[in-house]
Structures are given as structure tokens and as C-alpha cells.
Amino acid sequence: MARYNAREIETKWQEIWQSRGSFRVTEDSKREKYYVLEMFPYPSGRIHMGHVRNYTLGDVVARYKKARGFNVLHPMGWDAFGMPAENAAIENKVHPAKWTDENIATMRRGLKSMGLSYDWSRELATCDPSYYRHEQKMFLDFHAKGLAYRRESWVNWDPVDNTVLANEQVIDGRGWRSGAVVEKRKLPQWMMRITAYADDLVAALEGLERWPDQVRLMQHNWIGRSEGLRMWFDIKGSDERLEMFTTRHDTIFGATFCAVSPNHPLAEELAADDTELAAFIAECNSMGTSEEAMAVAEKKGYLTSLKALHPFIEGRELDIYVANFVLMEYGAGAIFGCPAHDQRDLDFARKYGIDVIPVIAPADIDPGAMTIGDEAYLGDGVAINSQFLDGLSVDEAKDMAADRMAGRDRGERTVSYRLRDWGVSRQRYWGCPIPFILCDDCGTVPVPDDQLPVTLPDDIDFDEPGNPLDRHPTWKHVDCPACGKAAQRETDTFDTFFESSWYFVRFACAQAEQPVDRAAVDYWLPVDQYIGGIEHAVLHLLYSRFFVRAMRDCGYLGFDEPFAGLLTQGMVCHQTFQDEAGNWLFPEQVDARDGDGFVHHESGAPVVPGRSEKMSKSRKNVVDPEAIIGSYGADTARLFMLSDSPPERDLEWSETGVEGAWRYLNRLWRLVAEAPMDLGPVDGAKPDRMEQTVAAVHQSVHKAIHATTGDLDRFHFNRAVARIRELTNDLERLDETMAGAAWVMREGLETIVRLIGPIAPHLAEDLWQRLGHETLLTDTPWPDADSALLTDNTVTVAVQVNGKLRGTIELGRDAGEDVAEAAALADPAIIRALDGKSPRRVIVVPNRIVNLVIAG
RNA sequence: GCCCGCUUGGUGGAACCGGUAGACACGACAGACUUAAAAUCUGUUCCCCGAAAGGGGGUGGGGGUUCAAAUCCCUCAGCGGGCACCA
């Protein structure tokens, strides 16, 4: 049985698309644009199945939208700065730039073998000075606008790798790479003032209608907006006041103590001449910040000699503690404790024998009977034991308390956020240099425009730990641009999320002299459809949303949101195997034994099959895309990626599934190459007469167009594939003896080829040519469904008796209710089911169902 | 702990607004072709009773709303994700 030669066909069409510039685009104000973007890869080595899935999804959208007439921008580039390049430099003595360039070349080859419809003329790599010079320029603008600043801040310090780690690089209190216990250090850090946009970043989530709810919710929670009251209590015997933040000012009469963070200025001041307190603070700072550490950590406090005065209760003095559970980074770093209505406060109060006064009680409980045991009461209710608040609801009490506090100049309504400013300094070589000069006299001085870009030196060594830029003999030594005295460059580089926060803008004008070419960006942006992994739900997507706002406010852009639509794809999973010693095994090392069970391919030793997990090198459950493309072709890989699972769900890799995709493409190829009948000319006229079966197939062609179009619009790729396969099955009902069959066979084949074009583009292009077309399928518009053929004249209506299906009847479309009822009552199966009884009630849903109700 | 999502045949998944559950595949079984195998083609395949006609059950468990529930509500369980001393 003949099979198609995937390798030959795919190479051939890739070359043709390339030479004709099929996917190169320019701005065209007369055409509607569509910008499809997949998250660009980090060039770590070779492409993996996650890339194949991501880029297949994007390519189907791009090719489909192009067929629908849009001017489609579909670019690709490289997120090329990052730690793995430095690790390779340390381990293999290869320069990060060389390592990165080689990986890019390998991965570009891999991507090109997939036949992706990229405009390669826009390719960019973020490690190229022609890219990062622009972000240095923008950073200076951000700084001038107050959106970037430098300050001392607490960081995670890895003492072995000698660098700051991001929070997500700290796992259970240890550096993710070195395994060293991470220290808290206070270092000067460059920060981005993302908090300036906190309100807008939350509020605008609502307008992102084509984003998954889950991602919007995650960002919402991450930003963590809460409305509350900033307030000040007097400190006994002092002119100073203690500032606190609360969202439960309705419980102010239940306040029985105050607590400040160990890092609070007041605590540090007191510790200066209290060694015991200093020791307590040190203990708090050394405490692990891991999840488990937090969960088991006991509430601990240190009683200071200070007392705060309750604002409304004459004579109530509140002890001020330094407490380990109060965070300096949130609110004001100080709280009032209301043990009755906060679990942490209650735990603390029970430990230190502090009063517990209930001030909110459920409406149906007698205030006198309200008691607190080991659990704080967090529910709704009315205020009790609260003077002027008594009897008010929680919300009313909040309002009243806020007003009274404000009236005494002791409170101010405010909003607090969980979100912190974004620290972007990294003590790393392979990143974009931060364009500032540190001068003893002038402070932080921006690198003048005419000295940009600040490029990385090539001659570096990684023989010692730490930042090679800092150790470089000459690079950092420069004169201060302001005063001319000897000064030093900033040797920190940007967090690599910096580059990925605006690359989608740069794609619109990849060659522009300025950071952005406003006309091009105004035309192409925002991205209409962004596609990538859910793991970026918060960081990358939030930073990008911030960055676009910052760029807007510095005059670079005229829009607010970078990504109008977002599709988060699931992971590619595969079965795992381990030998009895627990070592992971590659799938090809494992043989299935007859019956069940698995054995090692060579030794025959028993193998323990594990659950299916995300493909990863460490678990050895990877399948190399290039091997699959080599043996089956890219079209098979692409079809398989889309066939079974919806894009947002995890996809189970299966060899048999790939085989199935391969079989289908061959079947389609044979159907065209060895067409069972003479299909007639390309532009043959529709026959006057069609046999019934032929007419039915003709109708399925148009139904398939309609359904597939709807499925692709909604990214239901697995259903689109099912529709196309269904139509293929239908076509096989045609027989050359049937009147009109040849014409409908041609119509059907051409339709399948066009519908599958975005999914299996090489084969489709080839079959399009075999069908006699001289123009490229890639330049062919999407087929239109004949709406007259989408509805049937007759419908099958289900008939239920008491809600149970008892038969079906054929009715004319939109038949009246009386007609439907009569037909139902006349149906033999229904007569039998009714058993002589007459329905008490009849429900008719036109074209769908008749329900006869006889029982009560 | 808090918040969110998911749970449908042996498997991946269909089922639009509550209206014939299981499309399309994978696998399995049977058959055709073949000396044989591969490939290909045809048929069967939610479970139970039945030779069939037909009947009964069925969308994680329990309950509810409705003429009608995979779909809506309550509740429990399992799995997954996010956040985590956030005042």
C-alpha cells in the first residue's frame, strides 16, 4: 500500500513558502490585522514536545486567520539571557554567547522543520545589543518618571552562588541550584514601581474577556487588594504614634494588644539597648521562610515596655509586643490584636495570657452568651461590647469606626496590596547591563544617551563564584558623567523577565532605530492571541501588563493591555518507568510483557510503571520531537498534538495516537492521489442531478465547513479534527456509479484539504496541487459554507414518556406542536409505552423533543 | 488553612442555552485480502438480562429543583492548581 513521503513533501513546501515570502508581512491600513504570538522559547538546547504543542497551536491560528483574510503577524524570537548559559559556561568552559548562539541555531532548525508560518525577517534574540540597547534607553526613561528607583531592600542571598535569588528560586529555604541555605540580606536593588499600577492592574482584569478566568483570578489574588484603615494609636508617655493597618476596624473595641514586626524601626530602636530583644529579632530573621516552616512556626512575641492607648476606651493600655508573625512588608508592619476575631491573634493571646473580648456576635446569639474558645469567630454578625458601634452590622461598624477615627485625626481609609515592587537587579553576567554609574559624590548617575548601549564585555572568566562583571579588571571603571571623577558602573544586570516584558512590542518593528516605531506598533498591537504555558500566569504576564503601562506613560505606546486574548496550553505528559532500584528508565529501555507488566529491554529485570507526568529529562519520559518528525513528518506530529485533547488540558503522549494521525494522513493522501473516480476539471459545474446519497454528502461538506470554522474560532481544535475525519468517512460512501458523485467527491476532497490546511499544511499544500490548482493553498481563502445546506428539511425528534426515551419520530422542520404531538401519539413504540393511558401533560420542544407525562 | 478548577465507556475525549449521553479517535475482538506477516479494508465494542424483539441501569457518592439534569442548587469524597502568619 502506497504511503506518502513526508520528508520530501515537507522540505519541498517549506522551501517554496520561504522563497515566495509567503509569511512576510507589512502594515497595511486597508486590511484588518491579526497578531498571533506564542511565548518565545529560552534556547536551552533542542526543541521539546512542549514547544511543539505551543507552536502548533499558534501556527494553526495564524494560518487559519490568514485564510480568513487577516493580515497576520506571526513572529518568533529567542529569550536568550539567563542562568543556564552561565551554568554551561562554568561547567563546560564555553562562553555563554557561543552556547546561546549554538542553541538558537539548533532550535531554529527544529522549528523550521515543523513548517511554522513565521515571518522570520522579524527574528530577534534578547541577548543581542540591538535588542537590549532599547530597554536600557527605556529604563532611563522609566527612572526619570519615577517608575524605576534604587533602594536598599531585603533579598534572598545564595551564599554559594553569590547572587540574589528570586522568591521562586528559593525552594524550602534553599537555593534551587546550590542547595545552600538562603540568607536574608539587605542590598541596594533596582526596583520597578509596579505598585504604582496596582489598582489599574486589578481593575483592568475585568476587561480581559478573552483570558482564562483562572489566570485573571491568580493575578487578582497575587495583587491582593484590600480596603482598610490606616490608623495611629498614641504611645503612652511619648509624642510618637504607632501606625497600623487593619481591614477589621469594626473590631476595634476587641483590641487587647499591639504588635510590631521584628524588622519594624521601633523594634530595631528598642533592640539597640536591649540584648534580649536583639537576640529575639535575630532568631526571627533566621527562621526559615519555607511553607512548612511557616505552618509549624509557633506564634512568638517579646513584650516591650511600651504601651499603646486605645483610641476610644479611656484608660485601656495595650501592651506592645514584637511578634514573629507580623510582616514588615505588608500594611504598616504593625497591628492591633483582636484575639476574638483573628485566629493568629487568638493563638498569641492564649499563649501570653492576653484578654479575649468578643465584639462581634451572630445576630441570633445573646450577646452575653458569646464566648470564644480555641477558635476565633470570623463570621458575620452585629457589634457588641463596642459602645457606639453596638448593634451595627460589620459593614456599618467599619464605616462608623473609620469616620470616628478620621474625625480624631487617628485614621484614614486606605488600600493595601500584597503586590510588592519588582526587584530587577541580578548579580549575573548573562543579562542586560543596568545603564547606571555609581559615583561617590553624585550617587546613581544615568549613562548618557550617546554612550548607550552599555554592552557586556566578552573577556570574562567564570573560575570564581560571583558576578564576573564585578571582577572584570576594567569594565566597571568609568568616569562619572556628571562630575568626571572616577566612578563605577552598576555591575548588576536585569532580571531576564525584563526582556520578555516587551519583546511582543519589538516584533512589530524589529529593525527600527528607536525602541518602537509608533506607526507599526499602533497598527499591530495589542497581540490578538497569545499562547503559552500556565506557569507564566502571574510573573511574565503581570510584568508585561505593567511594562506596557510604563511604556505608555513614557510616550512609547498608545494602548494599555498587551494581550487581548490568552490561551494557556496544558503540559505534554508521558508514562514514567523505574527499575526496582528506583532509577528512571527511558521508554525505549522498557518492553511490555505479554499479559501485563513491563521488563527491562536488555536485562529483562522487572520494571515498575509509574504514573504519567510532564515530560522531563530528569524522569526520562521524554520523546524527542525531531525523531518523531524524522520518521512521521511534522504534519503527523502537528495533527496528533491537536487531535485528542483540548489545548488547555494536559495531553497524554501516545505512540498509538501518533500512529493514528499518521494513518489518517496517509488515508487522505491515497484518497486524493488514487482518487476512486475521475474528479473532473478544477472548475467543473455543479451537476443538475444528484442521487440521494450524493446530495447528502454534498450537504455534509457544507456542514463540515460550518462546524470546523466554528470550532477553530473557539480553539476547539480536537473537535475540528473530528469534524474533518467525519467528512472523510462520509466521502467514502460515494461510488462512481452514483449521479453527481465525481463532482461532490472533488468538492469534498478540496474542502478537506482546505480545512486541514492550518493543521497539516505541507500535505494539504501538496494535495491542493495534485487536485490541479496552480496557486498556493497558503494563499487560498477559507471555504464558505452554503447556508442553504446547513439545515435539514426533516428532523429526528425524540419522544419521551415520563422523561424516558421511548422512540423517535421524523418531522418536518419547525412542525407545529399539534403536529408533533399527533405524530408522537401515533408512533407504535409510543402507543406500546403508553399502555392505553392518555398523557396528562404534553411538552413539545420544537425540533427536539416531545415529552408525554402520564404519571403524577 | 483560604481561594479556584476538575471527576463522562478499557483509554483520550464529544454532547452549543437543561432536551435522543458516548461524536471523533485509541485500544480490543471478529472477519476479508495474504503462503505468512505488515499495511489496508469491513463489522462489533457503555454495563446487565435476552437468540432476537425488547427491557433495565448508567456521566465520582448522596440529596434537591424540573415535564426533563453530565449540564442548575446543596452536600460529601477524590484529584489537580494558586496563595499562604497579608492584619
Side-chain angles (χ1 to χ4, degrees), chain A residues 1-3 212-222 224-226 228-229 244-249 251 259 261 289 291 293-295 297-299 323-327 329-338 341-345 347-348 378 416-420 534-535 537-538 640 643-646 649-652 654-661 663-664 666-667 670 707 710-711 714 716 718-729 732 796-808 829 832 839-855:
Chain A
M1 186 60 66
R3 294 170 173 221
D213 289 343
Q214 194 199 358
V215 174
R216 291 195 281 178
L217 183 72
M218 280 164 67
Q219 292 211 354
H220 191 273
N221 291 341
W222 183 269
R225 181 181 198 278
S226 36
L229 192 68
M244 291 165 286
F245 174 77
T246 182
T247 56
R248 288 304 303 272
H249 28 298
T251 65
S261 163
T289 52
E291 291 181 17
M294 290 297 187
E298 209 179 342
K299 304 277 175 288
N324 63 351
F325 66 93
V326 181
L327 304 174
E329 306 87 59
Y330 186 77
I335 58 157
F336 75 79
C338 175
H341 305 292
D342 183 288
Q343 192 58 46
R344 290 157 305 177
D345 296 350
D347 294 345
F348 192 79
L378 306 176
S416 201
Y417 300 92
R418 214 191 69 100
L419 183 71
R420 315 272 158 73
I534 186 96
E535 66 273 18
V538 173
F640 168 71
S643 286
D644 285 341
S645 300
R649 279 205 227 176
D650 287 352
L651 177 143
E652 176 66 24
S654 88
E655 203 61 43
T656 53
V658 177
E659 294 272 358
R663 271 202 304 270
Y664 172 75
N666 274 292
R667 190 173 142 219
R670 279 195 302 272
D711 286 337
R714 286 184 293 261
H716 293 168
N718 55 326
R719 294 208 310 200
V721 170
R723 301 289 192 185
I724 295 169
R725 296 185 80 133
E726 247 176 317
L727 177 58
T728 313
N729 294 344
E732 295 191 331
T796 306
V797 170
V799 182
Q800 298 180 331
V801 175
N802 286 335
K804 282 196 182 293
L805 182 71
R806 292 298 175 209
T808 58
R832 208 178 320 124
R840 197 170 55 79
R841 196 175 157 193
V842 179
I843 289 115
V844 179
V845 181
N847 300 325
R848 284 200 174 268
I849 209 161
V850 176
N851 192 5
L852 307 169
V853 186
I854 51 177

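A note on names: the letters A, B, ... follow the listed sequences, proteins ahead of strands, and every chain is numbered from 1.
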message: Of the listed nucleotides (B/rC41, B/rA87, B/rA21), which one gets closest to any side-chain atom of A/R670?
response: B/rC41

- prompt: Should the pair A/D711-A/R723 be classified as a salt bridge under the 4.0 Å nitrogen-to-oxygen rule?
  reply: yes

message: Say we look at B/rA36 and B/rG31: how far apart would their P atoms be, to the nearest angstrom?
response: 14 Å

- prompt: Between A/N666 (side chain) and A/R3 (backbone), is there a donor-acceptor pair under 3.5 Å?
  reply: no

query: When we call it a touch if two heavy atoms are under 4.0 Å apart, what does A/R420 touch: a base, just sugar-phosphate, or nothing?
result: base

field: Whole-angstrom distance between B/rG58 and B/rC47, as gauged at atom C1'
entry: 7 Å

statement: A/R3 has its side chain closest, among B/rC83, B/rG54, B/rA39, to B/rA39

- prompt: Of all the nucleotides listed (B/rG13, B/rU20, B/rU40), which has the minimum atom distance to the side chain of A/L805?
  reply: B/rU20

- prompt: Is there a Watson-Crick or G-U wobble partner for B/rU66 with both distances under 3.5 Å, and if so, which one is it?
  reply: none

query: Where does B/rG60 land, syn or anti, given syn is within 90° of 0?
result: anti

message: What is the separation between atom CZ on A/R806 and atom P on B/rA53, rounded to the nearest whole Å?
response: 16 Å

- prompt: What nucleic acid atoms does A/D345 come within less than 4.0 Å of, heavy atoms only: base, sugar-phosphate, or nothing?
  reply: nothing

query: Considering every strand shown, what is the Watson-Crick or G-U wobble mate of B/rU45 when both distances are under 3.5 Å?
result: B/rG27

message: Need the glycosidic conformation of B/rC17: syn if within 90° of 0, anti if not. Which one?
response: syn

message: Under 4.0 Å, counting only non-hydrogen atoms across every strand here, what does A/R418 touch: a base, just sugar-phosphate, or nothing?
response: base

- prompt: When you compare B/rC26 with B/rA32, how far apart are their P atoms, in angstrom units rounded to a whole number?
  reply: 22 Å

Nearest-nucleotide 5' precedence on RNA chain B, A/Q800 against A/T247: A/Q800

query: Looking at B/rU20, B/rG81, B/rC26, which one has an atom nearest to any side-chain atom of A/A798?
result: B/rU20

message: Just N and O in the side chain of A/R248: are any of them under 4.0 Å from OP1 or OP2 of B/rA87?
response: no

- prompt: Within the structure shown, what part of the strands sits under 4.0 Å from A/N718 by heavy-atom distance: base, sugar-phosphate, or nothing?
  reply: sugar-phosphate

field: Protein-nucleotide distance (A/L651, atom CG; B/rA25, atom C1'), rounded to Å
entry: 13 Å

- request: From the options B/rG57, B/rG27, B/rC86, select the nucleotide whose nearest atom is closest to the side chain of A/Y330.
  value: B/rC86

message: Taking the minimum atom-to-atom distance to the side chain of A/T656, which one of B/rG27, B/rC86, B/rG55 wins?
response: B/rG27

- request: Please measure how far the P atom in B/rU8 lies from the corresponding atom in B/rA23, and state the result in whole Å.
  value: 16 Å

message: Mind checking if A/V797 touches a base, just sugar-phosphate, or nothing, with heavy atoms under 4.0 Å?
response: nothing

message: Output the rounded distance in Å from CZ (A/F348) to P (B/rC85).
response: 17 Å

- prompt: Who is the Watson-Crick or G-U wobble partner of B/rA14, with both distances under 3.5 Å?
  reply: none

task: Would you mind classifying the nucleic acid contact of A/G331 as base, sugar-phosphate or nothing, using non-hydrogen atoms under 4.0 angstrom?
output: nothing

task: Give the nucleotide from the list B/rC41, B/rA87, B/rC24 with an atom nearest to the side chain of A/R667.
output: B/rC41

task: Once you apply the 3.5 Å cut-off to both distances, tell me the Watson-Crick or G-U wobble partner of B/rA39, or none.
output: none

query: NA contact type, A/R714, heavy-atom cut-off 4.0 Å: base, sugar-phosphate, or nothing?
result: nothing

query: Counting only Watson-Crick or G-U wobble pairs whose two distances fall under 3.5 Å, which nucleotide matches B/rG5?
result: B/rC79

- prompt: Do the non-hydrogen side-chain atoms of A/F325 and A/I335 ever get within less than 4.5 Å of each other?
  reply: yes

- request: Rounded to the nearest angstrom, tell me the gap between atom CG in A/L217 and atom C1' in B/rC2.
  value: 12 Å

- request: Pick base, sugar-phosphate or nothing for A/S226, based on heavy-atom distances below 4.0 Å to the nucleic acid.
  value: sugar-phosphate

message: Output the rounded distance in Å from CG (A/L852) to C1' (B/rG19).
response: 14 Å

query: So, is A/R832 near the phosphate of B/rG54, with a side-chain N or O under 4.0 Å from OP1 or OP2?
result: no

message: Is A/R344 close enough to B/rA84 that one of its side-chain N or O atoms is under 4.0 Å from OP1 or OP2 there?
response: no

message: Let's go through A/L852 and A/R806 carefully: what are the C-alpha distance in whole Å and the side-chain angles of both, what is the deciding distance for side chain to side chain contact (heavy atoms under 4.5 Å, CB included) to 0.1 Å, and is it a yes or a no?
response: CA-CA 10 Å; A/L852 307 169; A/R806 292 298 175 209; over 6 Å; no

- prompt: Just how far, in rounded Å, is C1' of B/rA25 from CD of A/E659?
  reply: 14 Å

query: In terms of the nearest nucleotide of RNA chain B, which residue is placed more toward the 5' end: A/D644 or A/R725?
result: A/D644

message: Show the nearest heavy-atom pair for residues A/C338 and A/D345, with the distance to one decimal.
response: N-OD2, 3.0 Å

query: So what does A/R723 touch, heavy atoms closer than 4.0 Å: a base, only the sugar-phosphate, or nothing?
result: nothing

message: Does this structure show an ion pair linking A/R344 with A/D347, if we count only N-O contacts that are shorter than 4.0 Å?
response: no

statement: Among the nucleotides B/rG13, B/rC26, B/rA87, whichever has the atom closest to the side chain of A/P646 is B/rG13

message: Side-chain N or O of A/R649 versus OP1/OP2 of B/rA14: is the shortest distance under 4.0 Å?
response: yes

message: Closer than 3.5 angstrom, by distance alone: can the side chain of A/D644 be matched with the main-chain N or O of A/L651 as a donor-acceptor pair?
response: no

- prompt: Side chain of A/F245: nearest nucleotide among B/rA87, B/rC85, B/rG19?
  reply: B/rA87

query: Below 4.0 angstrom from OP1 or OP2 of B/rG56, is there any side-chain N or O of A/K804?
result: no

- line: Out of B/rA25, B/rU20, B/rA23, minimum distance to the side chain of A/A722 belongs to B/rA23

query: Counting heavy atoms not belonging to A/H220, are there more than 12 under 6.0 Å from its NE2?
result: no

- prompt: Just checking A/S643: base, sugar-phosphate only, or nothing, at a heavy-atom cut-off of under 4.0 Å?
  reply: nothing

- prompt: At under 4.0 Å between heavy atoms, what does A/I843 touch on the DNA or RNA strands: base, sugar-phosphate, or nothing?
  reply: base

- prompt: Looking only at atom P, what distance separates B/rG60 and B/rU7, rounded to whole Å?
  reply: 8 Å

- prompt: Is the backbone of A/V326 close enough, under 3.5 Å, to the side chain of A/S261 for a donor and an acceptor to pair up by distance?
  reply: yes

field: d(CZ, A/R841; C1', B/rC67) in whole Å
entry: 5 Å

message: Between B/rU11 and B/rU59, how many Å separate the two P atoms, rounded to a whole number?
response: 15 Å

query: Rounded to whole angstroms, how far apart are CG on A/N729 and C1' on B/rU42?
result: 13 Å

field: Strand partner of B/rU34, provided both Watson-Crick or wobble distances fall under 3.5 Å
entry: none

query: Given the P atoms of B/rU20 and B/rC86, what is the spacing between them in whole Å?
result: 49 Å

Within 6.0 angstrom of A/R667 CZ, more than 12 heavy atoms from elsewhere: yes

- prompt: When you compare B/rG82 with B/rU75, how far apart are their P atoms, in angstrom units rounded to a whole number?
  reply: 26 Å

